[in-house]
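None of the values given here were measured: they were computed from a predicted structure.
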Amino acid sequence: MASDLETKAKEAFIDDHFELALHLYSQAIQLNPKHAELYADRAQANIKLNNLTEAVADANKAIELDPSMSKAYLRKATACMKLEEYQTAKSALETGAALAPAESRFSKLIKECEERIAEETGDVSMQMPEALAKNDVPAKEIELDKDQPNLEIEAAPPKPAYRHEFYQKPEEVVVTIFAKGIPHDCVKVDYGEQTLSVAIDAPGKEAYHFQPRLFAKIIPEKCRYDVLPTKVEIRLAKSVPIHWTSLEFSREVAITQRVNVSSVSASQRPSYPSSKPQRVDWDKIEAQVKKEEKDEKLDGDAALNKFFRDIYKDADEDTRRAMQKSFVESNGTVLSTNWKEVGAKVVEGSPPDGMEMKKWEY
């Protein structure tokens, strides 16, 4: 049955029915989850559909099952180049080239990666704003082999088995997946330059896959995760210490300015003015945060982040926008909840007495 589905999937791919091919490969994988070839071919279908993080995850799975499969490294590199993760792509290409030295595509693509990496070495802090400003994918699409009914089947997106959330510190982002009682060997986490791939496959439970393209770049070798009794906690090391306004990449979300939160101690926190018509008792909230910091033994950065989250989580959309805009434009010295007041103007910085406002140099 799995082989029949694989044959139909290849036929669908040849006919450019990529959605159907993806659906058929997924069915075949359910029947034969240890077949590396299926994951490599589904990665190819995902690339055609621009499901790039899913393609990287499929290629990684194929490599895990069969480390000698050169085309799996090629598929991984293809997706990573489209994601502008050239270091990761180059590493995959070099491994693939060693396995298939006669394949000329590897050397050509390694050269292209090196050119892209050279372009990025000028100023690392400018890489992400440039990437967000682009609407076109710069990496060339790699022509892959077409070894593959005319049915139109649309696979519904699966409902996540577990809830997740994130918070951040100046140097890292902490992602929490609330999965209770999961054995450590049932959790697999992979990191790319700007991708995260989490797979949880525990006996008797629905398989879970979380594969976002991240808001900004990370340092994969410095990332780590822990499987705890009630959750999986993943720590992502930021490549540049900027504030992430969301966990996942979006072209509609602009990069915020760099904020040195670590330099703001509990005794130096700026006073945040309340706004009209919605008033917030900041003194009460800060007193509550101090109490929680004492009870939970949070350090200064974690306590400050919790302070912001507590305010932000119950606010409406306009209030959140006002908070983000005022905090970023004032370099962390003003926090307003009045969108009508701050939405139409640039919020000027207002440093506390005895402190001097300085602009960040990029």
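The CG atom of Leu93 sits 10.5 Å away from the CZ atom of Arg105 when rounded to the nearest 0.5 Å. Put simply, CG on Asp190 and CG on Asn60 are 4.5 Å apart, with the number rounded to the nearest 0.5 Å. Going from atom CD1 of Ile29 over to atom CG of Leu38 covers 5.5 Å, rounded to the nearest 0.5 Å. Note that CE of Met81 is 14.5 Å distant from NZ of Lys76, once rounded to the nearest 0.5 Å. Here OG of Ser3 is found 9.0 Å from NE2 of His35. Values are rounded to the nearest 0.5 Å. Remark: Leu52 CG to Asn50 CG distance equals 4.5 Å, nearest 0.5 Å.
Two residues are said to be in side-chain contact when any heavy atoms from C-beta on lie closer than 4.5 Å; Pro203 and Cys186 meet this criterion. You'll find the side chain of Ile117 reaches within 4.5 Å of the side chain of Lys90, heavy atoms only. Using a 4.5 Å heavy-atom threshold, the side chains of Asn46 and Phe18 count as separate. Counting only heavy atoms from C-beta outward, the side chains of Val187 and Tyr225 approach each other to under 4.5 Å. Within the 4.5 Å cutoff, the side chain of Cys223 has heavy atoms near those of the Leu236 side chain.
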Subject >> side-chain contact (heavy atoms from CB on, under 4.5 Å) evaluation trace for Glu85 with Lys217 >> reply: CA-CA 9 Å; Glu85 296 193 7; Lys217 291 191 175 183; 5.7 Å; no

Original post:
Given the rule in the salt bridge (charged side-chain N to carboxylate O under 4.0 Å, His left out) test, do Glu6 and Lys8 qualify, once you have shown the distances and angles that lead to the verdict?
Top reply: CA-CA 5 Å; Glu6 182 179 5; Lys8 291 179 180 180; over 6 Å; no

**OP:** Carefully, step by step, assess Lys34 and Leu65 under the rule side-chain contact (heavy atoms from CB on, under 4.5 Å).
**Re:** CA-CA 7 Å; Lys34 300 298 183 182; Leu65 294 171; 4.2 Å; yes

Original post:
After noting the C-alpha distance and the side-chain angles of Arg116 and Glu84, does the key distance pass the salt bridge (charged side-chain N to carboxylate O under 4.0 Å, His left out) rule?
Top reply: CA-CA 9 Å; Arg116 298 289 184 177; Glu84 300 179 14; over 6 Å; no

**OP:** Take Tyr208 and Ile177, measure what side-chain contact (heavy atoms from CB on, under 4.5 Å) needs, and give me the verdict at the end.
**Re:** CA-CA 10 Å; Tyr208 170 82; Ile177 299 173; 4.0 Å; yes

Subject >> side-chain contact (heavy atoms from CB on, under 4.5 Å) between Glu37 and Asp41, worked out >> reply: CA-CA 6 Å; Glu37 187 86 15; Asp41 288 342; 3.8 Å; yes

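The only member of Leu196, Asp58, Thr195 that meets side chain to side chain contact (heavy atoms under 4.5 Å, CB included) when paired with Thr53 is Thr195.
Of the possible donor and acceptor atoms, one in the side chain of Tyr39 sits under 3.5 Å from a partner among the backbone N and O of Pro33. No donor-acceptor pair under 3.5 Å is formed between the side chain of Glu248 and the backbone N or O of Pro212. A donor-acceptor distance shorter than 3.5 angstrom exists from the side chain of Ser326 to the backbone of Met323, with no hydrogens or angles considered. Remark: the backbone N or O of Gln87 is not paired with any side-chain donor or acceptor of Ser91 at under 3.5 angstrom. Judged by distance alone, with hydrogens and angles left aside, the side-chain atoms of Asn51 form no donor-acceptor pair with the main-chain N or O of Glu54 at under 3.5 Å. A donor-acceptor contact shorter than 3.5 Å links the side chain of Asp66 to the backbone of Ser68. With hydrogens and angles disregarded, a donor-acceptor distance shorter than 3.5 Å links the side chain of Lys325 to the backbone of Lys345. At least one donor-acceptor pair under 3.5 Å links the side chain of Gln194 to the backbone N or O of Leu214. Remark: the backbone N or O of Thr88 is paired with a side-chain donor or acceptor of Glu193 at under 3.5 angstrom.
Here Ser26 pairs with Arg42 under the side-chain hydrogen bond (donor to acceptor under 3.5 Å, both in side chains) rule; sequence neighbours left out. Residues forming a side-chain hydrogen bond (donor to acceptor under 3.5 Å, both in side chains) with Glu94 (at least two apart in sequence, or on another chain): none.
In terms of heavy atoms, Thr78 sits closest to Leu74 at OG1-O, 2.7 Å. Closest of all the heavy-atom pairs between Ala36 and Ala62 is O-CB, 3.5 Å. The shortest non-hydrogen separation linking Ile47 to Ala55 is CG1-CB, 3.6 Å. Closest approach of Ser70 and Leu99 over heavy atoms only: CB-CB, 4.1 Å. Between Arg224 and Tyr191, the shortest heavy-atom contact is C-OH, 3.2 Å. Contact between Leu228 and Glu233 at its shortest, heavy atoms only, is CD1-CB, 4.5 Å.
Taking a cutoff of 4.0 Å between a charged side-chain nitrogen and a carboxylate oxygen, Asp318 and Lys340 do not qualify as a salt bridge. At a threshold of 4.0 Å, the pair Lys169-Glu171 does not count as salt-bridged, since none of the basic side-chain nitrogens sits closer than that to a carboxylate oxygen.
Under the 4.5 Å side-chain heavy-atom criterion for grouping Ile, Leu, Val, Met, Phe, Trp and Tyr, Leu247 is connected to Ile242 within one hydrophobic cluster. Ile63 and Leu109 are members of different hydrophobic clusters when ILVMFWY side chains are connected at heavy-atom separations under 4.5 Å. No path of Ile, Leu, Val, Met, Phe, Trp and Tyr side chains, each step under 4.5 Å between heavy atoms, connects Tyr73 with Leu83, placing them in separate hydrophobic clusters. Connection of Tyr86 to Ile219 is not established within any shared hydrophobic cluster, with ILVMFWY side chains joined at heavy-atom distances below 4.5 Å, either directly or through further cluster members. Under the 4.5 Å side-chain heavy-atom criterion for ILVMFWY residues, no single connected hydrophobic cluster contains both Phe13 and Met69.
Taking the centre of each ring, Phe215 and Phe249 stay at or above the 6.0 Å mark. Remark: aromatic rings of Phe178 and His164 are distant, center separation not under 6.0 Å.
For the residue pair Lys238 / Gln168, a side-chain donor-acceptor distance below 3.5 Å is found, with atom types taken as modelled. At a cut-off of 3.5 Å, with distance as the only test, no side-chain donor of Asp4 or Thr7 sits close to an acceptor on the other residue.
Within 6.0 Å of NZ in Lys205 there are more than 12 heavy atoms belonging to other residues, nucleotides or ligands.
Among residue pairs with one or both ends in residues 172-186, those qualifying as side chain to side chain donor-acceptor pair (under 3.5 Å) are Glu172-Arg235; sequence neighbours excluded.
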